[in-house]
There are 2 protein chains.
Amino acid sequence: MSSAAPGATVGPLPRRQMLADDVHEAIKALIMENAIAPGARVSIDGLARQLGVSPTPVREALARLESAELVVKEPLRGYRTTPLLTREQLDDLYQFRLLIEPWAAGRAAEQADDGGRDRLEAEMRSCATPADDTYDSYKALAAHDTRFHVLVAELAGSTQVRRAFERTHCHLHIFRLHYDRGLGEQTLSEHRRITRAILDRDPTAAEAAMRDHLETACYERLRPVSEEAGGPTRVDPQG
Amino acid sequence: MSSAAPGATVGPLPRRQMLADDVHEAIKALIMENAIAPGARVSIDGLARQLGVSPTPVREALARLESAELVVKEPLRGYRTTPLLTREQLDDLYQFRLLIEPWAAGRAAEQADDGGRDRLEAEMRSCATPADDTYDSYKALAAHDTRFHVLVAELAGSTQVRRAFERTHCHLHIFRLHYDRGLGEQTLSEHRRITRAILDRDPTAAEAAMRDHLETACYERLRPVSEEAGGPTRVDPQG
DNA sequence: ACAGGAAATTTCCTACACGATCTGAGTGAT
DNA sequence: ATCACTCAGATCGTGTAGGAAATTTCCTGT
């Protein structure tokens, strides 16, 4: 009999007190912030020294990042960050997004409860106008884009879809391919259109809006890569 | 200029000479074979002794298995195999499969090349008649089911879809929930129907066949779980 | 310029120390 | 007598340090 208020769930309390966990987050942040070039080598001992820990937690963190496909391991040679996506891989990625995200938008329009819709409105309110051309501004917009798409998947009520989306790390890949190209006002207006359809509980409109949004983005993204089409479009910073 | 025969791709040769990799496969096999009960504790030192290695590669392997969601980690307490799926999670899983697999079957019907179609026929030929009621027979059929669905996703030409499917580990969960329930002749006949549609290059029929197949399986699977519906359907082998 | 080889760096694994958690018995109070 | 609490021992996860094996790099000799 604790003195918990009725209706207050106690929660399983996170229990975060592992060095390896912090190391994992630190390395993930390094990759997400593009502080390590795509395809560049990631030294275990180097990171250990840099972070002031022993190699063991670094090794554990890198093993997890490998499963998340943020780094790749070459036996007896070490880890590298995942190379840039080829044109085929980017195409494949958007095909997958077109398969799951319009569906998610439709289900979100059908099933989102009041709390969910509030969160969606709050997210849209939180980034009224970016328009700035600075690096930080672009980064903030990219972060909003990530949150928005994850939120839509969450509102659809499917854990599997949300995780499948998150595991693509599509924003990381897009960011690395061209963090300069402004996905500015147009992105926001498309997000607003999706949001409106969800708030209006109009699944058909939500699906269509999401599909249009992705197809627009897909065209935007694929254009610059096609300059060097033909070859495998592999990056090798060392060579 | 090597002396390779024309048309023979040399391949990047796997370079498998890491103990941690073998340990990873060994533990994965243990889980897949259901040698460790769902939700049971997995001791690092215990596995290290059992496999005759030091704890370090075991930790690396478990870290990767955690990202694959085959085990879960409780800080300072160790790892456990993932618990049995609740009814909601199983429902969610089939919803996801219904989203991506009929699509994959349709694309496979459209795009599969001759080599792919040969592989599909070979897979279907390889398991002519199971019908046996033994555990091994069921296990063989489950293995065929896995290979079949992965192959369809592969023939669809989408790496993202194939990986998303593989990462669900749906066959592991189904197997653990009830490895007794015979998905015998009916499964094979449904597979044959899907195969026929793909070989006939009929996307509409392939999609419909896959959808029917999953819906049938879904009903089969969900029925026994509903016996104990209501509660969270959590398993606690220790208690 | 190119082949061969040795030194340096790095990965990978083992062995060990520390700290936290869990199990059980024992003690005390109700 | 039953229950709750406490406290020791054992067990296990976590991080550090060190050594063996492999790779990469650089240098030398032809």
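Below, read A as the first sequence line, B as the second, and so on, with proteins coming before strands; counting in each chain starts at 1. Note that the structure is a prediction, hence the values are computed from the model and not measured.
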For this session: Measure the distance from CD on B:Glu60 to C1' on D:dG15 and round it to the nearest whole Å.
Result: 15 Å
Problem set entry | Distance, rounded to the nearest Å, where A:Arg80 contributes CZ and C:dT10 contributes P | 14 Å
Exercise. Looking at D:dG15, does its base get a donor-acceptor pair with the side chain of A:Arg59 below 3.5 Å?
Worked result: no
For this session: Ignoring backbone atoms, test whether A:Ser43 places a side-chain nitrogen or oxygen under 4.0 Å from the OP1 or OP2 oxygen of C:dT11.
Result: yes
For this session: Check every atom of C:dT11, C:dT21, C:dT14 against the side chain of B:Arg77 and return the nucleotide holding the closest atom.
Result: C:dT21
For this session: Please identify each residue that fulfils salt bridge (Lys or Arg N to Asp or Glu O under 4.0 Å) with A:Lys73, with sequence neighbours left out.
Result: B:Glu60
Problem set entry | Distance in angstrom units between B:His24 NE2 and C:dC12 P, rounded | 15 Å
For this session: Figure out the CD/P separation between A:Glu74 and D:dT23, and round it to whole Å.
Result: 12 Å
For this session: Let me know the distance between CG of A:Leu76 and C1' of C:dT10, rounded to the nearest Å.
Result: 10 Å
For this session: Kindly write out the residues that satisfy side chain to side chain contact (heavy atoms under 4.5 Å, CB included) with A:Asp45, not counting sequence neighbours, or none if the list is empty.
Result: A:Ser43, A:Arg49, A:Pro55
Exercise. Closest to the B:Lys73 side chain: D:dT14, D:dC12, D:dT23?
Worked result: D:dT14
Exercise. Is any side-chain heavy atom of B:Phe175 closer than 4.5 Å to a side-chain heavy atom of B:His169?
Worked result: no
Problem set entry | Pairwise side-chain contact, A:Ser67 with A:Arg64, heavy-atom cut-off 4.5 Å (strictly under) | no
Problem set entry | salt bridge (Lys or Arg N to Asp or Glu O under 4.0 Å) against B:Glu166, all qualifying residues, sequence neighbours excluded | B:Arg162
Exercise. Considering only side-chain heavy atoms of A:Asp45, which listed nucleotide, C:dT10, C:dA20, D:dC12, is closest?
Worked result: C:dT10
Exercise. Just how far, in rounded Å, is P of D:dA22 from CE of B:Met18?
Worked result: 14 Å
Problem set entry | side chain to side chain donor-acceptor pair (under 3.5 Å) against A:Asp113, all qualifying residues, sequence neighbours excluded | none
Seminar exercise, completed: When rounded to whole Å, the OH to C1' distance for the pair A:Tyr79 and C:dT11 reads 10 Å
Problem set entry | With sequence neighbours excluded, residues passing ring-ring contact (aromatic ring centres under 6.0 Å, His included) with B:His191 | B:His144, B:Phe148, B:His149, B:His213
Exercise. When the distance from CG of A:Leu19 to P of D:dT14 is rounded to whole Å, what number comes out?
Worked result: 11 Å
For this session: Please list, by residue number, the residues of residues 47-58 of chain B whose heavy atoms come closer than 4.0 Å to an atom of DNA chain C; answer none if no residue qualifies.
Result: B:Val53, B:Ser54, B:Thr56, B:Pro57
